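Down below is the structure, laid out as structure tokens.
The sequence lines fix the lettering, A, B, ..., with proteins before strands; numbering per chain opens at 1. Everything numeric here is computed off the predicted structure, so don't read it as measured data.
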There are 2 protein chains.
Amino acid sequence: METTIDIKDDVSEIILNSAKTIFARYGFKKTTMDEIAQAARKGKSSIYHYFKSKEDIFKAIVEKEADELSAAIAKAINAETTSEKKIRAYVLARMKGINNLTNLYSALKDEYLEHYSFIENVRVKYDTEEVNTIKGILKTGVEDGEFKIEDINLTAFALVTALKGLEYPLFIKNNNAKTEKRFEGLLNVLFYGIIAR
Amino acid sequence: METTIDIKDDVSEIILNSAKTIFARYGFKKTTMDEIAQAARKGKSSIYHYFKSKEDIFKAIVEKEADELSAAIAKAINAETTSEKKIRAYVLARMKGINNLTNLYSALKDEYLEHYSFIENVRVKYDTEEVNTIKGILKTGVEDGEFKIEDINLTAFALVTALKGLEYPLFIKNNNAKTEKRFEGLLNVLFYGIIAR
DNA sequence: GTTCGACCGAAAAACCAATTTGGTCGATTA
DNA sequence: TAATCGACCAAATTGGTTTTTCGGTCGAAC
């Protein structure tokens with residue numbers, strides 16, 4: 001199934017891939033349109049036939065990555081039956097997926113502070129999606145009598161926030177195989193609490 | 001008990017208090033040593049008799065605030081009997097205490113991004129203290145048979161991280177009376193989990 | 001439909017003079 | 001000895017100007 005030229009070798013795709021490596025290496029600001037064009041073996045003006053701005057290219061890259069992560073997570077969730085297992089699958093898939101974004105992300109961490117509001121926009125949009133995903137699982141769990149939750153909205157929001165907070169110290173800094181077990185421990189707290197019975 | 005001049009009216013204390021209001025208003029960078037000296041009704045050189053640098057003054061202020069918060073939290077914890085109540089008291093006291101730091105913090109949020117590594121140092125030191133506090137409570141709770149926790153270290157760390165992550169969206173942005181109730185809901189999840197039984 | 005050279009305007013970088021400012025020192029006071 | 005301060009310095013910052021870079025447009029060519 002690779003005998004023909006891959007249909008994804010579209011010019012847009014070439015530009016996106018070229019740009020991605022340069023962005024990952026130099027960050028958004030330091031990357032020039034000329035560099036992107038050269039890497040794609042095109043003239044600078046040609047790029048504008050496919051994307052309306054540098055920001056646009058960046059947005060396309062980030063959204064593509066985010067979509068791939070979304071898809072991977074959805075797949076992992078659907079493979080499970082109970083709500084508890086779905087939550088576990090979600091956390092694991094998310095954790096692994098975030099790792100792949102590390103390259104792009106680390107190049108941007110210095111610029112993250114600056115006022116590139118469009119980055120924030122993408123993040124907010126994705127956060128909302130995450131909360132909704134979790135909310136859906138929790139809701140189903142409650143309806144099935146599997147979970148008992150006072151405030152689903154708050155719990156979903158808190159879970160996502162906590163996960164995001166744990167991302168950095170647990171994963172970025174401490175990137176070994178034990179990390180997965182650690183998340184398991186946390187999930188047990190989430191499911192069963194810490195009160196003895 | 002206020003008939004004599006308060007022993008805290010030390011010159012160091014005057015300098016610290018003067019500096020605090022100026023820092024809170026203008027931030028670290030924009031505040032000059034001359035301004036601090038004037039506010040303390042001293043010559044600029046005199047300041048250096050008590051503090052070795054501007055950074056030093058700032059550090060002293062932050063550490064003082066942090067110590068006061070620590071004390072308030074410790075007091076709240078000790079007033080409670082069971083471990084569960086101690087945790088609840090801790091979270092509430094912490095939440096309220098952080099609010100008081102808002103002034104200083106908000107003036108710094110723009111400079112927070114810059115490489116004032118000493119700020120980060122204070123934060124790390126304080127984080128460690130927080131984790132240890134929680135760890136102590138959890139340990140006692142387990143020993144008393146009140147809690148049942150797989151990995152105390154991880155749970156304490158996760159709880160602090162999650163609290164820190166929830167601080168901003170739950171508290172700074174949404175500063176109404178309902179916030180307290182929200183934390184209550186979260187604590188219930190922590191104690192009892194979400195699994196129905 | 002695609003590619004590109006030439007060009008534009010705004011933003012950034014580079015440069016420089018003038019000023020500010022964190023910090024030192026020695027003398028003075030008490 | 002402890003505390004205060006005026007005078008001073010080197011380094012950083014500021015303000016303003018010039019130069020360069022860079023994102024983006026346009027029209028021609030294929």
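Among residues at least two apart or in separate chains, salt bridge (Lys or Arg N to Asp or Glu O under 4.0 Å) pairs with a member in residues 184-193 of chain A are A:R88-A:E184.
Atom CD of A:Q38 is separated from atom P of C:dC4 by 12 Å (rounded to the nearest Å). Here the C1' atom of nucleotide C:dG26 and the OH atom of B:Y48 are 17 Å apart, to the nearest Å. For the pair A:K59 NZ and D:dG23 P, the interatomic distance rounds to 17 Å; values are reported in whole Å. Here D:dC22 presents its C1' atom at 8 Å from NZ of A:K54, a figure rounded to the nearest Å. Taking atom CE of A:M33 as the reference point, atom P of C:dC7 lies 21 Å away to the nearest angstrom. Residue B:E55 contributes atom CD, which lies 12 Å from atom P of C:dG22 at whole-angstrom precision. If you take CD1 of A:I57 and P of D:dC22, they are 15 Å apart, rounded to a whole angstrom. Remark: P of C:dT20 and CD of B:E35 are 13 Å apart, rounded to the nearest angstrom.
Among residues two or more places apart in sequence or in another chain, the side chain to side chain donor-acceptor pair (under 3.5 Å) test is passed with B:N153 by B:K135. The side chain to side chain donor-acceptor pair (under 3.5 Å) test applied to A:Y90 returns A:E130, not counting sequence neighbours. Considering only residues two or more places apart in sequence or on other chains, B:E150 meets the side chain to side chain donor-acceptor pair (under 3.5 Å) condition with A:N188. For A:A162, the side chain to side chain contact (heavy atoms under 4.5 Å, CB included) criterion is met by B:A162, not counting sequence neighbours. For B:E146, the side chain to side chain contact (heavy atoms under 4.5 Å, CB included) partners are B:T82, B:S83, B:E84, not counting sequence neighbours. Residues satisfying the side chain to side chain donor-acceptor pair (under 3.5 Å) criterion with A:E68, sequence neighbours excluded, are absent altogether. Scanning for side chain to side chain contact (heavy atoms under 4.5 Å, CB included) contacts around B:S46 gives B:K42, with sequence neighbours left out.
Between B:F28 and B:F58, the ring planes are perpendicular. Angles over 60° get that label, and only those under 30° would be called parallel.
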Pairwise N/O distances under 3.5 Å, protein to nucleotides 28-30 of chain C:
none

Hey, what are the protein-to-nucleotides 1-3 of chain C N/O distances that come in under 3.5 Å?
{"from": "C:dT3", "atom 1": "OP1", "to": "A:K42", "atom 2": "NZ", "distance (Å)": "3.3"}
{"from": "C:dT3", "atom 1": "OP2", "to": "A:Y50", "atom 2": "OH", "distance (Å)": "2.6"}

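Between A:E35 and A:K30 there is no salt bridge, since no side-chain nitrogen of the basic residue lies less than 4.0 Å from a carboxylate oxygen of the acidic one.
From one end of the helix from C:dG1-D:dC30 to C:dA30-D:dT1 to the other, with five pairs defining each end axis, the axis direction shifts by 40° (rounded to 10°).
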Atom pairs and distances, donor-acceptor, side-chain atoms in residues 69-81 of chain B, under 3.5 Å, two or more places apart:
{"from": "B:S70", "atom 1": "OG", "to": "B:A66", "atom 2": "O", "distance (Å)": "3.4"}
{"from": "B:S70", "atom 1": "OG", "to": "B:E129", "atom 2": "OE2", "distance (Å)": "2.6"}
{"from": "B:N78", "atom 1": "ND2", "to": "B:A74", "atom 2": "O", "distance (Å)": "3.2"}

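One donor-acceptor pair, N or O on each side, does fall under 3.5 Å between the base of C:dG23 and the side chain of B:K44.
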